[in-house]
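See below for the structure under consideration.
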Amino acid sequence: MSERVIKVGLCGFGVVGQGVFNHLRKREKLLSDQLGARVEVARIAVRDTSKKRDFEFDASMLTTDPVSIASDPEIDVVCELMGGTGLALEVTLAALKAGKIVVTANKALICDHGERLFTAAKEGGGQILFEASVAGGIPVIKAIKDGLVINRFSSIYGILNGTCNYILTRMTNEGASYEKILEEAKALGYSEADESLDVDGIDSAHKAVVLAYLAYGRWVPYKDILVQGIAEVTQEDIAFAKENGYAIKLLAVIDVAHASGKLYISILPTLVSKKYVLGSVDGVHNAVSIHGDVVGETVYIGPGAGRDATASAVIADVVDATKLIVNGGAGRFVDPAPRNGDQIELAEPEEIESRYYVRLEVADKPGVMAEVASMLAKNEVSLASVTQKEVEENATSATLIITTHYTTEKAILEAVKALEESSSVKGKPFTMPISSFED
Ligand code: NAP
Ligand code: HSE
C-alpha cells in the first residue's frame, strides 16, 4: 500500500517558514515512521519570488498568492507564517472555511481575531493550532490545554518576548546600548517585522491575551491592558537593580485577585528578584510560571524566538494536524478554553497593589526633595527609600531614585502624573513595579 502524504502549504517563507521547511525535510523519514504518513511541503507563498532563500527548494512551489494555498483542495495543512492581521486573517479564514487545519505562529492574529477564528473552525469543520504564537519553542499552550487541564489557575507570570529579554540581558551584562542590541536582535530573526511591537510591549500583550483566554476563557482586548515597553529603561535603572539583587524583566502578569476573583493583566518592565527563577532567565529565553490549584507552581523555560525554536513549535502542531487527519479527527474543533463562559471581571487599578520603583530628574535646588515627598504622600504613596547620586557643583538637575511601600496602581499612576506636571520635575518619571514573588 502506498504511503499517505499530508500536503503542507507554507504561507510565509521568512525566518519561521524556512525553519519549518528545513526541519520537516531533515526529519522526513523519522516523522513518516512515527506518523504512518509522509509530511510534505507542497506549496509556498512569499511576497517576493526573486529573493534569495537560505535553503534549496523547488521554485515551482512558489506563489505570491497565499489565499490560493488556503483554498487549494490538494493542501491538507496551511501554515500561516506571514504575520500581521490583514492578509493573514483572510488566508486563515479561507482555509478554515474550506475545512482545513491551520497552524499559525501569529499571536496578533489570535489575540485580535481568536473568537472569530475559533467559530470559523467549528463551523467549517477545520482546526486552528497556535502553539508557536506564545513563548516560541516552549510548549506552554499544550501545557495549559492538556498537561494542566484539571487545574484552575490563580496566576500566570511570563517573560514572553525574546527580543526584549535579549536586549535587557545584554544591557545588563555588557552595558551595551539599547539601539545596537536591537539591531542585533533584528539580524538574529528575533524581532517582529515591526520591532516596535516587541519593544513597546504589544507583542507580549498579544501573548498574554492568548494565555488569559486559555486559562480563564475570556478574550480581553489588549488595549484594555496596562502596557509599557522597555525603551525607557536606562543604565541607571539597571545599576539600581544589580545593587539590590534584582533583574529588570518585561513581565506579563495575569493574576486573579484573591479577594475579588477579578482578572488583572499587565505588561510592565519589572524589578524581579534574582532569587526568583524568572529573575535569572536571560537572553532570548522566555519563561512562564503557572500556578494551578491542583499542581501548584510549574515553570517553563526555553528559547522564546528565533528560527529553530519557533519551527520546533510549529512542527509540533503540524504533527498534531497529521495525526488528526490520519486518525479521522480533523473535523471536530475543540475550543481550547475548557472554562469558556467564566465571564471573569477585570480588576480596576485601585484593586492592584505593589511596591514601585520611580526614577525622576529633578531641579537641583533646595526644597525639591520635600516637594516630591509631599506630592507622593498626597496620593497615598509612602516612600521606602530615596537615593540621589552626588552631582557636580554646577549641575542644574539631579536624578532621584525612589522605592515605595505597597500602594495601589491607581495611586502610583496619579502620583507620577502629579510629578510630571510639577515644574521641579524634568521630563517624565520612569516607574516600574517591584515584584512580590516569594523567595
Ligand atoms: P518574516 O521573516 O518577516 O517572514 C514573513 C514571510 O511572509 C516572508 O516570507 C514574506 O515573504 C511572507 N509574506 C509577507 N507578506 C506577504 C504577502 N502579502 N504575500 C505573500 N507572502 C507574504 O517573519 P517571521 O519572523 O518568519 O514571522 C512570521 C510569523 O511568526 C509572525 O506572525 C511572527 O509574529 C511569528 N513568530 C515569529 C517568531 C520569530 O522568532 N521570528 C517567533 C514566534 C512567532 P518575503 O520573504 O518574500 O518577504
Ligand atoms: N518577536 C517575538 C519575540 C518573536 O521576540 O518574542 C516570538 O514570538
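Counting begins at 1 with the first residue of the sequence. All figures in this text were calculated on a predicted structure; none of them were measured in a lab. Note that ligands are numbered from 1 as they come in the structure, with each ligand's atoms numbered from 1 the same way.
Classification of Glu184 and Arg170 as a salt-bridged pair holds, one side-chain N sitting under 4.0 Å from a carboxylate O.
The protein heavy atom nearest to atom 16 (C) of ligand 1 is Arg47 CB, 4.0 Å. Closest protein heavy atom to atom 12 (C) of ligand 1: Gly12 CA, 3.9 Å. Among all protein heavy atoms, the one lying closest to atom 48 (O) of ligand 1 is Lys51 NZ, 2.7 Å. Shortest contact from atom 47 (O) of ligand 1 to any protein heavy atom: Asp48 N, 2.8 Å. Among protein heavy atoms, the minimum distance from atom 34 (O) of ligand 1 is reached at Glu192 OE1, 2.6 Å. Protein heavy atom nearest atom 25 (O) of ligand 1, with residue, atom name and distance: Val15 CB, 3.5 Å. Given atom 35 (C) of ligand 1, the protein heavy atom at minimum distance is Ala105 O, 3.4 Å.
Every atom of ligand 1 is numbered from 1 in the order shown, and the set under 4.0 Å from a heavy atom of Leu81 is 5 (C), 6 (C), 7 (O), 28 (C).
Contact annotation: for Ala108 versus ligand 1, there are no heavy atoms closer than 4.0 Å. When heavy-atom distances to ligand 1 are checked against a 4.0 Å cut-off, Arg53 comes that close only through its side chain, counted from C-beta outward. Looking at Ala305 against ligand 1, both its backbone and its side chain come within 4.0 Å, counting heavy atoms.
Among Arg4, Arg38, Glu3, the one residue that satisfies the side chain to side chain donor-acceptor pair (under 3.5 Å) test with Ser32 is Glu3.
Heavy-atom separations between Gly189 and ligand 1 include at least one value shorter than 4.0 Å. Under a 4.0 Å heavy-atom criterion, Arg307 is not in contact with ligand 1. The closest approach between Gly306 and ligand 1 falls below 4.0 Å for a heavy atom of the residue.
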Show me, pair by pair, the donor-acceptor contacts under 3.5 angstrom made by side chains of residues 239-247, not counting sequence neighbours?
unit_1, atom_1, unit_2, atom_2, d
Lys242, NZ, Thr172, O, 2.7
Asn244, ND2, Phe240, O, 2.7

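Counting heavy atoms only, Met82 comes closest to atom 5 (C) of ligand 1 of the residues Glu131, Met82, Glu90. Closest to atom 4 (O) of ligand 1 by heavy atom, among Cys11, Gly162, Gly14, Ser191, is Gly14. Of the listed residues (Lys207, Gln18, Lys107, His206), the one carrying the non-hydrogen atom nearest atom 36 (N) of ligand 1 is Lys107.
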Pairs of nitrogen or oxygen atoms, one from ligand 2 and one from the protein, closer than 3.5 Å: please tabulate them with distances.
unit_1, atom_1, unit_2, atom_2, d
ligand 2, 1 (N), Tyr190, O, 2.7
ligand 2, 1 (N), Glu192, OE2, 2.7
ligand 2, 1 (N), Asp198, OD1, 2.7
ligand 2, 5 (O), Gly162, N, 3.4
ligand 2, 5 (O), Thr163, N, 2.9
ligand 2, 5 (O), Thr163, OG1, 2.6
ligand 2, 5 (O), Tyr190, O, 3.0
ligand 2, 5 (O), Asp198, OD1, 3.4
ligand 2, 6 (O), Asn161, ND2, 3.4
ligand 2, 6 (O), Gly162, N, 2.7
ligand 2, 6 (O), Lys207, NZ, 3.1
ligand 2, 8 (O), Lys107, NZ, 2.5
ligand 2, 8 (O), Lys207, NZ, 2.8

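Taking both residues in full, the closest heavy atoms of Ala313 and Gly137 are given as CB-CA, 4.4 Å, listed atom of the first, atom of the second, then distance.
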